[in-house]
Amino acid sequence: MRSKARIIFIILILLLIVAQFFQPEKNSGEIDNNDLFSYISDIPDDIGSIIKTSCYDCHSNQTNYPWYSRISPLSWYLNKHIESGKHELNFSEYGDLSLREKLKVLQEVCEVVEEGSMPLKSYLLIHEEAKLTGNDVELLCSWIESESERILGE
Amino acid sequence: MKRKLMIFGLAIPLMFLGFSLPEFYPSVSGNVLSEEDMIEAPQEVMDILQNSCVGCHSTDSQAEKAKKKLDFKQWGKLSKAKKIAKLGAICDEIVEGKMPTEKFLSHYPDKALTEEDIDLICEWTDSEIETLIGSTEDPEEEE
């Protein structure tokens, strides 16, 4: 009985080691003029900091990978988040959006942070610094409102 | 025995009084002026909206999440930027099949949107957006 359990354990360890040779592609792509911070030259520091800290890992071309995030199969799970995050909204391609798309995206950003569905709870478990306070949400939504008016009036 | 009867006798009319309170009839106690903020659209679009959307997406709906996201009866109160954002979202949600919700359609399958309905609404949202954008822009500029 005991040696059976030991064999299974060893097999699992071996599988885990082999798994490390199969990693998803790292999300460290191009940051060009379309990136939010290049496109909007005057984002207030506090807003920029909130967006970078709480959003950019999933919603841009530049994810920060702490060492534990590179362990397969966890890395695949995280990659899924990043892929669907970027699909939904990619700040690195913000400049490419049409006016109407920008307005829509900005409005939705405010909504999801207000309702607390973003950042993801699972992300916040590991990244406490990404948690948005009530004040953060207010700041963000307020900036979004004025930015929306600004681009509409351009 | 007499006291019990008295209490019971009082309780029933009180119940009736309670149930007649405005909270139970939100559509009656709703803002009388809400008519002017109601969305306006061509009749065929309004028909679809009334049939498949306004039930949840209005001020008197019980669906809290829905009316927070979009309330057609408060449309007039939205800023231009928000209107444009919402119009875009309306088309996207129905094209992606996310709206009306599956739950809603399981109760009201006849309120499902046909391809034609979706096309009609998206055409309308498109032209509304153009109008809204155009009304702030310099006539010489293009989007």
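Keep in mind that what you see is a predicted model, and the values were worked out from it rather than measured. Throughout, protein chains are lettered first and strands after them, A, B, ... in sequence-line order, and every chain is numbered starting at 1. Just the heavy atoms: all of them, side chains too, but no hydrogens, waters or symmetry mates, feed the values below.
Between B:Lys77 and B:Asp71 no salt bridge is recorded (no basic side-chain N to carboxylate O distance below 4.0 Å). A salt bridge links B:Glu64 to B:Lys67: at least one charged side-chain nitrogen sits closer than 4.0 Å to a carboxylate oxygen.
Judged as a salt bridge (Lys or Arg N to Asp or Glu O under 4.0 Å), and not counting sequence neighbours, the contacts of B:Asp92 are A:Lys104. Annotation: disulfide bond (SG atoms under 2.5 Å apart) contacts of A:Cys110 (sequence neighbours excluded): A:Cys141.
Of all heavy-atom pairs between A:His127 and A:Tyr68, the closest is CE1-OH, 4.5 Å.
For a heavy-atom cut-off of 4.5 Å, chain A lies close to no residue in residues 101-123 of chain B.
Sorted by first and then second residue, the salt bridge (Lys or Arg N to Asp or Glu O under 4.0 Å) pairs with a member in residues 110-129 of chain A read A:Glu111-B:Lys69, A:Glu111-B:Lys86, A:Glu115-B:Lys69; sequence neighbours excluded.
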